[in-house]
Amino acid sequence: MTSLHPPPLSGENVNRIHWMPGTDRLLAVCHCGARREFEAPVELWDWLLRHPEGHDPGPVPQAAPASTPRPRPANPA
């Protein structure tokens, strides 16, 4: 059986951008492993492409445990 998706890329020139579901925030992951959250895509790309100058990891996001219940959207009546 063949996989529907190719293996993930890796290497010195691979940066990743993840949308954080339920928010308007983006998580940038540099090839060096540094991570930082952003609200604006322009700031995100400036940070990723400035490597290594001014390229500090910033705050590391804390993921909620899988067992934490998420709030349900209000049901309009």
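In this chain, numbering begins with 1 at the start of the sequence shown. Quick caveat: nothing in here was measured; it's all calculated off a predicted structure.
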Measure across Asn15 and Cys30 and return the closest heavy-atom pair with its distance rounded to 0.1 Å. OD1-CA, 3.4 Å

On a heavy-atom basis, which atom in Phe38 and which in Glu43 lie closest, and how many Å separate them?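 Minimum heavy-atom separation between Phe38 and Glu43: CE2-O, 3.6 Å.
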
Should Trp45 and Ile17 count as side-chain neighbours, where that means a heavy-atom distance under 4.5 Å? yes

Looking at residues at least two apart in the chain, or sitting in another chain, which of them share a side chain to side chain contact (heavy atoms under 4.5 Å, CB included) with Val29?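 For Val29, the residues satisfying side chain to side chain contact (heavy atoms under 4.5 Å, CB included) (neighbours in sequence not counted) are Arg16, His18, Leu27, Arg35.
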
Give the cluster check for Trp19 versus Leu44: same hydrophobic cluster or not, with ILVMFWY residues linked at side-chain heavy-atom distances below 4.5 Å. yes

What residues form a salt bridge (Lys or Arg N to Asp or Glu O under 4.0 Å) with Arg25, not counting sequence neighbours?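 Salt bridge (Lys or Arg N to Asp or Glu O under 4.0 Å) list for Arg25, sorted by chain: Glu37, Glu39.
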
Can you list the residues that meet the ring-ring contact (aromatic ring centres under 6.0 Å, His included) rule with His31, with sequence neighbours excluded?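 His31 satisfies ring-ring contact (aromatic ring centres under 6.0 Å, His included) with His51 once adjacent residues are dropped.
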
